[in-house]
Protein chains: 4
Amino acid sequence: MNKRQIQKQFTRDKILDSAKQIFIEKGIINSATLQIAEKAGIAHGTLFLHFPNKDALVIGLLDIELLKFSDEIKQLIIETDEIDKLLNQYLNLIKKEEGFFSSLAREMPSYKSELRRKILFRESLIREHFHQVIEKGIRKGIYASVDIPSVLTFLFGTINYYLSLKSSFVHSGSVIEKFHDQTIEIFMKILKK
Amino acid sequence: MNKRQIQKQFTRDKILDSAKQIFIEKGIINSATLQIAEKAGIAHGTLFLHFPNKDALVIGLLDIELLKFSDEIKQLIIETDEIDKLLNQYLNLIKKEEGFFSSLAREMPSYKSELRRKILFRESLIREHFHQVIEKGIRKGIYASVDIPSVLTFLFGTINYYLSLKSSFVHSGSVIEKFHDQTIEIFMKILKK
Amino acid sequence: MNKRQIQKQFTRDKILDSAKQIFIEKGIINSATLQIAEKAGIAHGTLFLHFPNKDALVIGLLDIELLKFSDEIKQLIIETDEIDKLLNQYLNLIKKEEGFFSSLAREMPSYKSELRRKILFRESLIREHFHQVIEKGIRKGIYASVDIPSVLTFLFGTINYYLSLKSSFVHSGSVIEKFHDQTIEIFMKILKK
Amino acid sequence: MNKRQIQKQFTRDKILDSAKQIFIEKGIINSATLQIAEKAGIAHGTLFLHFPNKDALVIGLLDIELLKFSDEIKQLIIETDEIDKLLNQYLNLIKKEEGFFSSLAREMPSYKSELRRKILFRESLIREHFHQVIEKGIRKGIYASVDIPSVLTFLFGTINYYLSLKSSFVHSGSVIEKFHDQTIEIFMKILKK
DNA sequence: GATGAATGAGTGTTCATTCAT
DNA sequence: TATGAATGAACACTCATTCAT
């Protein structure tokens, strides 16, 4: 990469960084592209040079974050096939970026369908990992033979609920941490033979 | 109530009615006060005579709806002390106003905190009813001695998740209906001894 | 009309007045709604209270101007059935609002088709008047039996050409006046038996 | 020309080619310099190396096109001194590049005065050719002794009118072709003794 | 109490032009 | 000579709220 390309990437990263911070703070819908540009220290128009429109910026940011996340999950899968350990690690991962995922959960229902589809697709990849682990457990006779999709919707629905209402559940600190143990406990109960 | 007060109440009700319809249709954030006033057949300014600002209108509407809802739940409680029948009735009640509750679930996370607190307070009343029934069941030895708040958060979180992403789960028709049976089934499993 | 309605009409008129002046000066495409509002001494948003969008403002202005014009033409028709006198009066009418018609002719080709159709419809009404007078003349044996539509396109095309390139034909003053006599002369020659 | 100059000319030509195509397609005002550069396969900034600004590019393009056109007309003059044949050929020439001339006629009135003057100057060269032929015809006693400039304004104005409102006169195909015969017919009538 | 005209800050997006590389 | 990232003013349009009538 020559100097120009480095500079361009740097600007792009600055935009994504600012966007992430502002999205966490105010939610995507209430964040103005002007404010993001100002925080990134660039001209308003420059933002649209890197992303053709606001939606593309959101999608760009999500792609990076969710891909990163998905990769880390994949790593976890390889390391363990016990669902409680996997769930434990999964919650820890979310906790690390809780601000971002909280704003995501909060606003996802308001997003335009393309954006929402993109997010749900990423989530479905993660669900898939969980699905496989549970399926294996059922085959091994460790878990009860539940309807896996229903059970996972229950789990992800609850986590989503915590995240989306984070500010109502905790004044500061992590919601995920607060409900960490009980979430695992209840989920294991559902799987118990 | 004298004639003037009756007239005032009538106008207020018209506003609330229109607001409800429009909120369901377009979501609270995308509903303009002008449109609500037009649908109510009153002047734009009149709306602000009855509600100091848009938020107050939303709160006013919720107060009525959730109170009504809460009353119906109370009635159910009296009629039964079996949690599966109660949950069944509860889901049926939501289904009746699914449009409203879906738009509520979808947008609640974006509301200002006072508004959200109000909604969650109303929800907590309903939770309380469930809490009592489960507690009684545990005392009677019918249900396992679970941590009731956690278990209820799991339940309400999941229902909320269905409602908020309704349009991703079903193209038309009711999400609640679609997930009705499995929701009860899983929830009962959690309570099983 | 009560005071409010008078005030509203007054504001609307101020907007139309400012728009007309600015359109003449800079052309419709290069006129900003903000500038029109400023010239009218009202808030930018107020403009959109009276006209839902810029196009509607243009159409509103045209409707008034062309209707006024069409009415005056109709009056002329009644007064005379000699085409040279009619054409003479017609050119004088255009001359009175030459600034406006010049900017119209200049930019019409760039307008969105709905707007253009509207303008051409108004023009067609005027053509119709001319058509009738010429037809009568042919029947009476005063004029040669020409193809009236072609001949009128020739006439209106030329007038349009003068108007649209006004600033190239005259530095100040009226183009219509400058070409008044020769336009009539040539047109009469076309009609001559 | 050394190698560098050849390369420069080559780039310049590529820009002019792209500009012409895009101008025809979208009109000058709606054509972005970025798009022209992309079509030419050069960097955006390079365009401004060859032409100091967008106007200069337009003028440069016109110079070439109108000069080419003027040369072809000159050739026609040599071949014939009958005005109807000349006009016939002239209309055929326009028809060949009708897209370009239509977009020119449509937008010329919106151009800055320098640009417009340039175009009109080129047109005046063509007018000059017509002038000479008509003059000769009058001297020979073939045509009536009309005021040649007026008569030519009538002609060119009408052709311009067809071109500028092309899309209102024909849905597809050529306007010039459509009005070809009647234009010649009427014009000849004006010249008839 | 009711009206509705007016406000004005705010939004996402475009594009000719500049200049460091 | 050529590049292309960056600029920033400009644009049409929205909407909760105010206040004279």
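Just so it is clear, the model here is predicted, and its values are computed rather than measured. Naming convention: chains lettered A, B, ... in sequence-line order (proteins, then strands); numbering from 1 in each chain.
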(message) Counting only side-chain nitrogens and oxygens, does D/T11 get under 4.0 Å of the OP1 or OP2 atom of F/dA2?
(response) yes
(request) Could you tell me which residues satisfy side-chain contact (heavy atoms from CB on, under 4.5 Å) with C/D63, sequence neighbours excluded, listed by chain and number? (result) C/I59, C/K118, C/R122
(request) Using the test side chain to side chain donor-acceptor pair (under 3.5 Å), find all partners of D/E97 that sit at least two apart in sequence or belong to another chain. (result) D/K20
(message) If I take atom CG in residue B/N30 and atom P in nucleotide E/dT11, what distance separates them, rounded to the nearest angstrom?
(response) 15 Å
(message) Taking side chain to side chain donor-acceptor pair (under 3.5 Å) as the definition, give me every residue that meets it alongside B/N30, ordered by chain and number, with sequence neighbours left out.
(response) none
(request) Measure from CG on A/L57 to P on E/dG12 and round the result to the nearest Å. (result) 10 Å
(message) Between P on F/dG4 and CD1 on A/I6, what's the gap in Å once rounded to a whole number?
(response) 16 Å
(request) Using whole Å, report how far CZ of B/F10 lies from P of E/dG1. (result) 18 Å
(request) Please report the shortest heavy-atom distance between B/I24 and B/R106, naming the atom on each side. (result) O-NH2, 4.4 Å
(request) Figure out the CD1/P separation between D/I42 and F/dT1, and round it to whole Å. (result) 14 Å
(message) Dot-bracket for DNA chain F, please. Rules: Watson-Crick or G-U, both distances under 3.5 Å, ( ) within the strand, [ ] when a pair crosses earlier ones, | for another strand, . otherwise.
(response) .||||||||||||||||||||
(request) Just compare E/dA6, F/dA2, E/dA2 and give me whichever is closest to any side-chain atom of B/H50. (result) E/dA2
(message) Check whether D/S102 reaches the backbone of D/K166 with its side chain - one donor and one acceptor, N or O, closer than 3.5 Å.
(response) no
(request) Using whole Å, report how far NZ of C/K8 lies from C1' of E/dA6. (result) 11 Å
(request) Using only side-chain N and O atoms of C/Q7, determine if any of them is under 4.0 Å from OP1 or OP2 of E/dA6. (result) yes
(request) With sequence neighbours left out, write down each residue that passes side-chain contact (heavy atoms from CB on, under 4.5 Å) with D/D13, or none if nothing qualifies. (result) D/Q9, D/L16
(request) Would you jot down, in residue-number order, the residues of residues 12-22 of chain A having a non-hydrogen atom under 4.0 Å from DNA chain F? (result) none
(request) Mark up nucleotides 16-21 of chain F, 5' to 3', with B wherever a protein heavy atom is under 4.0 angstrom from a base atom, S wherever such an atom reaches only the sugar-phosphate, and - elsewhere. (result) BBB-BB
Give the table of side-chain donor-acceptor pairs shorter than 3.5 Å for residues 36-45 of chain D, with sequence neighbours excluded, one pair per line with atom names and distance.
unit_1: D/K39; atom_1: NZ; unit_2: D/Q21; atom_2: OE1; d: 3.4
unit_1: D/H44; atom_1: NE2; unit_2: D/T33; atom_2: OG1; d: 2.9
unit_1: D/H44; atom_1: NE2; unit_2: D/L34; atom_2: N; d: 3.3

(request) Please name all residues satisfying ring-ring contact (aromatic ring centres under 6.0 Å, His included) with D/F23, sequence neighbours left out, ordered by chain then number. (result) none
(request) Return the set of residues passing side chain to side chain donor-acceptor pair (under 3.5 Å) with B/E25 (not counting sequence neighbours), or none when no residue passes. (result) none
(message) If we ignore hydrogens and angles and just use 3.5 Å, is the side chain of B/K54 paired with the main-chain N or O of B/I28 as donor and acceptor?
(response) yes
(request) Measure from CG on A/L47 to C1' on E/dT13 and round the result to the nearest Å. (result) 11 Å
(message) Taking side chain to side chain donor-acceptor pair (under 3.5 Å) as the definition, give me every residue that meets it alongside D/S31, ordered by chain and number, with sequence neighbours left out.
(response) none
(request) Rounded off to whole Å, could you give me the NZ-to-C1' distance for the B/K26 and F/dT14 pair? (result) 12 Å
(message) Can you list everything that forms a salt bridge (charged side-chain N to carboxylate O under 4.0 Å, His left out) with C/D55? Sequence neighbours excluded, please.
(response) C/K112
(message) Taking the minimum atom-to-atom distance to the side chain of A/A43, which one of F/dA2, E/dA6, F/dT7 wins?
(response) F/dT7
